[in-house]
4 protein chains.
Amino acid sequence: MSTSADSFARIAPQLEGQAIELPSWAFGNSGTRFKVFGSPGTARTVEEKVADAATVHRFTGLAPSVALHIPWDLVDDFGALRRHAEDLGVSLGTINSNTFQDDDYKLGALTHTDPKIRQKAIDHHFECLDVMDATGSRDLKIWLAEGSNYPGQADLRGRQDRLAESLATIYDRVGPEQRLVLEYKFFEPAFYHTDVPDWGTSYAQVSALGERAVVCLDTGHHAPGTNIEFVVMQLLRLGKLGSFDFNSRFYADDDLIVGAADPFQLFRILFEVIRGGGYGPANPDGTSEVAFMLDQCHNIEQKIPGQIRSVLNVQEMTARALLVDRDALLAAQEAGDVLGAHEVFMDAFSTDVRADLAAWRESRGLPAHPMRAYAGSGHQAELETTRVGGTQMSWT
Amino acid sequence: MSTSADSFARIAPQLEGQAIELPSWAFGNSGTRFKVFGSPGTARTVEEKVADAATVHRFTGLAPSVALHIPWDLVDDFGALRRHAEDLGVSLGTINSNTFQDDDYKLGALTHTDPKIRQKAIDHHFECLDVMDATGSRDLKIWLAEGSNYPGQADLRGRQDRLAESLATIYDRVGPEQRLVLEYKFFEPAFYHTDVPDWGTSYAQVSALGERAVVCLDTGHHAPGTNIEFVVMQLLRLGKLGSFDFNSRFYADDDLIVGAADPFQLFRILFEVIRGGGYGPANPDGTSEVAFMLDQCHNIEQKIPGQIRSVLNVQEMTARALLVDRDALLAAQEAGDVLGAHEVFMDAFSTDVRADLAAWRESRGLPAHPMRAYAGSGHQAELETTRVGGTQMSWT
Amino acid sequence: MSTSADSFARIAPQLEGQAIELPSWAFGNSGTRFKVFGSPGTARTVEEKVADAATVHRFTGLAPSVALHIPWDLVDDFGALRRHAEDLGVSLGTINSNTFQDDDYKLGALTHTDPKIRQKAIDHHFECLDVMDATGSRDLKIWLAEGSNYPGQADLRGRQDRLAESLATIYDRVGPEQRLVLEYKFFEPAFYHTDVPDWGTSYAQVSALGERAVVCLDTGHHAPGTNIEFVVMQLLRLGKLGSFDFNSRFYADDDLIVGAADPFQLFRILFEVIRGGGYGPANPDGTSEVAFMLDQCHNIEQKIPGQIRSVLNVQEMTARALLVDRDALLAAQEAGDVLGAHEVFMDAFSTDVRADLAAWRESRGLPAHPMRAYAGSGHQAELETTRVGGTQMSWT
Amino acid sequence: MSTSADSFARIAPQLEGQAIELPSWAFGNSGTRFKVFGSPGTARTVEEKVADAATVHRFTGLAPSVALHIPWDLVDDFGALRRHAEDLGVSLGTINSNTFQDDDYKLGALTHTDPKIRQKAIDHHFECLDVMDATGSRDLKIWLAEGSNYPGQADLRGRQDRLAESLATIYDRVGPEQRLVLEYKFFEPAFYHTDVPDWGTSYAQVSALGERAVVCLDTGHHAPGTNIEFVVMQLLRLGKLGSFDFNSRFYADDDLIVGAADPFQLFRILFEVIRGGGYGPANPDGTSEVAFMLDQCHNIEQKIPGQIRSVLNVQEMTARALLVDRDALLAAQEAGDVLGAHEVFMDAFSTDVRADLAAWRESRGLPAHPMRAYAGSGHQAELETTRVGGTQMSWT
């Protein structure tokens, strides 16, 4: 009924390669429209954000890369930043574009009625592709914060057509080893319509582009009640699931620590990833087709422990999902045994894998309990002492 | 600011061809899982349901066809039923299949793990296609009530693959003048996962079939907060909007009278239909590419007046949507005039078109006020007197 | 980090008195508005439903009483039914009234504009009180299925005033050892307004009645996203939480097995019950102030195992909730340690208590694994063999 | 069927006293957590915000007072500010406290575990009461932005008890002509629990305080699908509806222009206000028991026209709601005529009152079309020219 040493030993090898990309912006301040609270020790430079990400990796072994956001993370010399990261044991990952903080983009960017503003937004993506060449990043992630607030304000159809055209222009420059990843979001910052509000729209748009255009699924970007694991299944089936932005929520895009609001949902999502072949290295270079990333806001909690907690939650639910006895599950499903199949599934979810994971971490030279190890390391106090002066990074 | 005689005269011709298909089952009893209330005068046979639909058409001029549901509306001689309908001035329209009321389908039909049950469900659709040949119907509408109630109960991916296979088998038999229309629904009767829960899934499935496979959008089948007019726009843009099932709701799939819960939403939907070229006859034979249908439950209100109210609501909001000054709207949109564009849009919505519509109806030999005309006609009392004995039709 | 023998031993005594009332109607057929599937072995009489409830108790030790629904469970001799129950080792519990299945109640019962219909509904509650006198039941539970479907259809305020008057009339007859329990529900079967849609309304109504009027919280009767444990906390604080109707849902009032959709939510609810003093016997006669009941629909799964699964889920999450180290939690909360407090809370939730529970059950002469024990008992096959002929009970 | 001159003449007198309070912060910049866009001509001082509010009143005759927010609107001399307002033809209204933007309040204010922080928050409210004495304001409005983000982070019950204590301390200082108005909100900025999340909690808290403590209903602060007009009805019935914060939304607390997202909902709300006796002056001094206020964010649209549009929308829907033929409505309701009652209700909603309102405005010396009049006045251009330099006001 619970994890035997045997069953954990069976799945442990599959945990080895797990890699969860951290967002640089998780190490800067974030908040709500009402207030961004600062906290002592918060990173003041891109380099410090990368260092914080490397700290998370050092304590967990789970976070070997860090995503950047342009222009928040613009530096003069990306080669130097790359070496800085590598020196700290991590690499630079996904490049995220930003078309929502320039005054010109108030009413749209890639969808704007004004061709000059569209071109400006396209140029920004070209700049991101240049950064990717310097950082060696594979993925250009586009979250389209565009939409309208009032019925009639915008021509929904015209915007969609312009979006297709803008994306095609960007896609033309995406290199053969690179991907364009299009994120969708239900609402916010636009409150009437959003130009890419759902997976269907993202899927339709990337399908029109080509093979190296894929979808990013942010777990907080759905309508209430959406069965997210179904979307995961469908996108994997259609060959278009490019990456995850993990976080959790009770209400809207709350951007809480992944697994905090509904651990069972995270388990179900990870089960479908595994079931659909989206887990584990698929490429010769060891990269997975489906990138696991975090996208969260540590509004009130400490940022480094917040990220450690997050990657541990993903690891723990991955372990539970790997424990599902899939043969028994399939047999019960095919027998029409509703409660039996459900029980096989829940058996894995109900299993407490923490002790096994702790022992396994130690066997790999990692702290058994990363949260405690970090708390006991004095690192946070050191940051709070040394990071004085300067301006804390923030994404708002 | 309000409708001038001129502006109504401009749009009146576009109202002329408007046709809204009525569902035969709206004339039988319906209800909730808690109770189906009967009401005096309710139809007891398919023929009586067709007669009731014809009554709605007689009072409104808006409802020239009636959709059938198999097996609820199975008759021995569909040729005779067709003549019965034509004698009453209406035609037989969309054929709806039913794979949710046979004990074999408890855990699935087109997606079932058992190939014999899948074949049975496929055969049912072949039977529906035979009916269509007899009735001259264009559309085979498939609402897939399949899914699961408990996590782990079913293999989401396996079901999706089997669905694709089953649909392909059915599609092979769809005639060159016929269409397969696949409806999606967020939830109910399944409460954990539904096999076609969203427009994206329906779109992906019908795209894999071919040109004559399209999507049905039921206005009550979305997650809370979904921007339905956006979906309308997108499906029209992708060439895959086949038909509407109109109704309205405050909560879930409430199946209330269309336009009753949120008239402004209905207006916005109809505006996007018009904007996207989905309104009006597109085919040589006068049929539209996008079929307007009702799918509602008159649980507590009278059925014939309920349907009259419904088609009038669609007509009224169509008129308002046609009144939008699209040149002014586009100009304001392109100027980035948020409040100005919104106001152009709202001007049309705020316009009271009822008097103009009443006069226009009279000019065409129809009652100016169909609801009052029906109430004053004595027809309802006659039905209640004559339809005694027998069993009232019901879809539960 | 996980359950030590010690920690389980500490909480085991608190598990001993746990009692979860079963609804008689869970043993009859149920379904959706689309279809009620029958299943072999389903109870055909009230007596068989009580016997099935007793079977659940025999395998789990958790379900010593069964709630009745009038008129579904009307019998001529409730004294005999009571003895039948007691012979089987269970007692008769809460009496549920029903004002939603009589044709007179189509537009309202306790809120109806017609005083004769209101009186009929009041009389029905008097009849229920008579039944309670015969069965020895403490609680009269009123779920008010009343409301309206269309804006304007009903006078919201007039209905609320009439409701207050009707309830006062009923409350006058509630005995000194009895309680009136008023349930609220967000929507369904009414789809525009419901007369008791939220805890606030139920609270306001029962507060106006008196001390022996309390609120029933059905876990499936809230708006999407509602923080249910907050409502539990508040009602306990206000001294008005009378009982739970446990079930779970992904969408609306899905009535799935409690704990199936979101086990973490069930854990949080039970934690607040314990925190707020609502767990455990509070009265001299051993009854608790807060009654735990199930209210579920086993539409597709077997009913007896469905109920066994349900009470086990409640027991398991109660055990986890009892394991929360409340001193450590409070200390972290007061220190403002967001992640620390959350971790103390999650430690308990992450603990796998199944092995301990199994051993503890055996020590009390119960099957270690009630689901397996029932499956292996041959009881289901026996029911399917012997319960042939007659009409299966159903609540629709 | 539509407004006759007669019917408008009947309701016009009731429109005369209508007063909608404007929030000073609507004239500063606002936005989302992603970006606050500035716009030319935005007020840079409290005095300029008051002037902008006065401009709205000058063009509409609907907005004779302006609400202040402390500390955003703190000035040294509130007597001078009051005279400034009165010179411009408006008065100072509700005082809003703010306990969400000080670093000390990161984890709570009136509910904080630390008594020193609670006292600080209480003292802030005392300061607000002092301001009220200077401004002559009646209402102290408390929006409690407090809550927690992670399960276990906070003790829900302890916070509720501390809240009750803090409110009681504040209420003790509320003068005999003043009121304490407690707002509730479903979520944001807290994402797991909010300390006053629903009307029930606000009602329970203010009921414990006394007669001069009432509830504020912000139309954007409810769970999806909530029937807001029901809450309006219930709070009026319980004598506890103190004020409205009007705005509209499609998703969460979008804070769009009132009436923009769902005009029919605004109509229904206003109908219940009228039905429940909450409309019109109830006090000898001409003030209403229920205060109408706006609380909106003009993120992308111009602020002064945004506010003009808003008060016009309220006025227009008030006029339609006043047009409901309540005798006919009641008769149809009592006859159980579902469609008939609905139609009486919809007749009023479908009526285009704009031409009548325009003529009536002119008869009172106001611009017939305030939006056009403002656009044509050159006022906006003047502001954009003269308000150069300084820092635009903003609430983030």
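Proteins get letters first, then strands, A, B, ... in listed order; numbering begins at 1 in each.
Side-chain contact between Phe349(D) and Asp352(B): absent, with no pair of heavy atoms (C-beta onward) separated by less than 4.5 Å. Looking at heavy atoms from C-beta onward, Arg354(B) lies in side-chain contact with Asp347(D) at the 4.5 angstrom threshold. Residues Leu339(D) and Ile257(B) are in side-chain contact: their nearest non-hydrogen atoms beyond the backbone lie under 4.5 Å apart.
For Ala260(B), the parts sitting under 4.5 Å from any heavy atom of chain D are the backbone and the side chain alike. Both the backbone and the side chain of Phe250(B) come within contact range of chain D, with heavy atoms under 4.5 Å apart.
Taken to the nearest 0.5 Å, the CZ atom of Phe264(D) stands 12.5 Å off from the CG atom of Leu266(B). Note that CD of Glu343(D) and CZ of Arg372(B) are 7.0 Å apart. Values are rounded to the nearest 0.5 Å.
In terms of heavy-atom pairs under 4.5 angstrom with chain B, the leader among Pro263(D), Ala261(D), Ala375(D) is Pro263(D). Interface remark: of the candidates Arg249(B), Met371(B), His298(B), Met371(B) forms the most heavy-atom pairs closer than 4.5 Å to chain D. Taking chain B as the reference chain and counting heavy-atom pairs below 4.5 Å, the highest number among Met346(D), Gln302(D), Arg268(D), Glu316(D) is found for Arg268(D).
Contact residues of residues 305-313 of chain B toward chain D are Pro305(B), Gly306(B), Arg309(B) (heavy-atom distance under 4.5 Å).
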